[in-house]
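Model, not experiment: these values are computed from the prediction.
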Amino acid sequence: MKAIVQREYGGADVLELAEVDKPDIRNDEVLVRVRAASVHAGDVLLMQGTPYVMRAGLGLSRPRNPTPGYDVAGTVEAVGSKVSRLKPGDEVFGNGKGTLAEYAAAKESQLVAKPPGLSFEEAAVLTMSGLTALKAVRDVGKVQPGQTVLINGAAGGIGVYAIQIAKAMGAEVTAVCSAGKADLVRSLGADHVIDYAEEDFTQGDNQYDFILDNVGNRSLSDCRRALSPNGTLIPNSGTAGGR
């Protein structure tokens, strides 16, 4: 099968298209024929091998699994002996291993049925970014109706879901993004938009009950200044520089 392969850490130039064997599946795994796979900021960090601490689980000098990719949507091709919920032909999405390929292995527990109303492409972008936003806003931030929420990096993969989740939970949402993305975040439900090129959200008079910082371009002390006395801040970025 064809797959994207990475034999060392680095930039996009370390990626190549190659012919590799189909992955073997364990008893609790399924083989997915990949119809769509997504790439997000986390995949870039894994490609680069930074922060270095991640290499303890990925491979110290080179990736242990040469095919990158986690988010996936596709069709079940084969199932392991202990798989009971899924069967060949099922349309699924979730997390797999080495999903930037024609076929990928995934644990049955990491896949769910794809809703008929979603395309494979729409389903493939949901897992990592969508779950991160859901856990941040609902489970950790415990956002309540009427609270004020600020999302830094609101037009990114996690931000676009966080806006919608926060609005669904009854919050008043301020989105920080570029001017060119203002219409996008408003269409997703943002009540207020801050153009980061024109205004620093940490230097204004407004304070927020919950801040989800997907960018990491402001110091922790600056972000605390923008928090209400009992507010919650989640610094959710591995892209702020440093190893």
Chemist: How far apart are the C-alpha atoms of F210 and I234, what are their side-chain angles, what is the distance that settles it, and do they pass the side-chain contact (heavy atoms from CB on, under 4.5 Å) test?
Modeler: CA-CA 8 Å; F210 175 70; I234 297 183; 3.7 Å; yes
Chemist: Are V149 and I194 connected in the hydrophobic side-chain network, where two residues link if heavy atoms are under 4.5 Å apart?
Modeler: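 In one cluster with V149: I194, no.
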Chemist: So, for V137 and A162, which heavy atoms are closest and what is the spacing to 0.1 Å?
Modeler: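 Heavy atoms only, the tightest pair is CG2-CB, 4.1 Å.
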Chemist: Just list the side-chain donor-acceptor pairs under 3.5 Å for residues 8-25, sequence neighbours left out, or say none.
Modeler:
from: Y9; atom 1: OH; to: G59; atom 2: O; distance (Å): 2.5
from: E19; atom 1: OE1; to: M1; atom 2: N; distance (Å): 3.4
from: E19; atom 1: OE2; to: K2; atom 2: NZ; distance (Å): 3.4

Chemist: Under 4.5 Å between side-chain heavy atoms, hopping through other hydrophobics if needed: is there a path connecting V83 to V76?
Modeler: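 Yes.
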Chemist: Over all heavy atoms of both residues, which pair between D209 and S228 is shortest? Give the atoms and the distance, please.
Modeler: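 Looking at all heavy atoms of both residues, the closest pair is OD1-OG, 3.3 Å.
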Chemist: Rounded at 0.5 Å granularity, tell me how far CG in N214 sits from OG1 in T132.
Modeler: 9.0 Å
Chemist: Only counting residues at least two apart or in another chain, list the ones meeting side chain to side chain donor-acceptor pair (under 3.5 Å) with K87.
Modeler: D90
Chemist: Scan for salt bridge (Lys or Arg N to Asp or Glu O under 4.0 Å) pairs involving residues 44-72, sequence neighbours excluded, and state none if there are none.
Modeler: none
Chemist: Quick check for you: to the nearest 0.5 Å, what is the distance between T99 atom OG1 and F93 atom CZ?
Modeler: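 T99 OG1 to F93 CZ: 14.0 Å, rounded to 0.5 Å.
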Chemist: More than 12 non-hydrogen atoms from neighbouring residues, nucleotides or ligands closer than 6.0 Å to CZ on R26, yes or no?
Modeler: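 Count not over threshold, so no.
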Chemist: Under 4.5 Å between side-chain heavy atoms, counting indirect links through other Ile/Leu/Val/Met/Phe/Trp/Tyr residues: same cluster for I158 and V160 or not?
Modeler: yes
Chemist: Can you tell me if R225 has over 12 outside heavy atoms packed within less than 6.0 Å of its CZ?
Modeler: yes
Chemist: Please check if the side chain of R186 supplies one atom and the backbone of V193 the other of a donor-acceptor pair under 3.5 Å.
Modeler: no
Chemist: How many angstroms lie between CG in L233 and CG in L227, if you round to the nearest 0.5 Å?
Modeler: 5.5 Å
Chemist: Other residues, nucleotides and ligands only: do more than 12 of their heavy atoms fall within 6.0 Å of OH on Y70?
Modeler: no
Chemist: Supply the atom-to-atom distance L134 CG to I165 CD1, rounded to the nearest 0.5 angstrom.
Modeler: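 Output value for this atom pair is 4.5 Å.
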Chemist: Does D183 have more than 12 heavy atoms from other residues, nucleotides or ligands lying within 6.0 Å of its CG?
Modeler: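 Incorrect, the count does not exceed 12.
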Chemist: With rounding to the nearest 0.5 angstrom, report the CZ to CD distance, R85 to E108.
Modeler: 4.5 Å
Chemist: For L45 and M54, work out which heavy atoms get closest and say how close.
Modeler: O-CE, 3.6 Å
Chemist: Provide the full list of side chain to side chain donor-acceptor pair (under 3.5 Å) pairs with a residue in residues 171-182, sequence neighbours left out, each pair given once.
Modeler: E172-H192
Chemist: Quick check against the 3.5 Å criterion: does Q207 have a side-chain atom that pairs as donor or acceptor with the backbone of A226?
Modeler: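 Judged by distance alone, no pair lies under 3.5 Å.
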Chemist: Identify every side-chain donor-acceptor pair in residues 120-129 under 3.5 Å, counting partners at least two apart or on other chains, and give the distances.
Modeler:
from: E122; atom 1: OE1; to: S119; atom 2: N; distance (Å): 2.9
from: E122; atom 1: OE1; to: S119; atom 2: OG; distance (Å): 3.4
from: T127; atom 1: OG1; to: G94; atom 2: O; distance (Å): 3.4

Chemist: Indicate, with yes or no, if L220 and Y208 share a hydrophobic cluster defined by side-chain heavy-atom contacts under 4.5 Å among Ile, Leu, Val, Met, Phe, Trp and Tyr.
Modeler: yes
Chemist: Within the distance-only criterion (no hydrogens, no angle test), does the side chain of K142 pair as donor or acceptor with the backbone N or O of D139 below 3.5 angstrom?
Modeler: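 Here the side-chain-to-backbone pair exists.
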Chemist: First locate atom CD of Q164, then atom CG of L188, and finally report the distance between them rounded to the nearest 0.5 Å.
Modeler: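 Those atoms lie 4.5 Å apart.
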Chemist: Evaluate R35 against E91 for salt bridge (charged side-chain N to carboxylate O under 4.0 Å, His left out), listing each step before the verdict.
Modeler: CA-CA 10 Å; R35 296 290 299 276; E91 295 182 347; 5.3 Å; no
Chemist: If every non-hydrogen atom of G159 is compared with every non-hydrogen atom of I151, which pair is closest and at what distance?
Modeler: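 The pair with the smallest heavy-atom distance is CA-CG2, 4.1 Å.
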Chemist: Mind checking what makes side chain to side chain contact (heavy atoms under 4.5 Å, CB included) contact with P116, not counting sequence neighbours?
Modeler: none
Chemist: Any chance you could lay out the salt bridge (charged side-chain N to carboxylate O under 4.0 Å, His left out) test for D28 and K107, step after step, and finish with the verdict?
Modeler: CA-CA 6 Å; D28 60 345; K107 286 184 176 293; 2.9 Å; yes
Chemist: Please check: side-chain N/O of D191 versus main-chain N/O of V173, any donor-acceptor pairing under 3.5 Å?
Modeler: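 Yes; at least one donor-acceptor contact below 3.5 Å.
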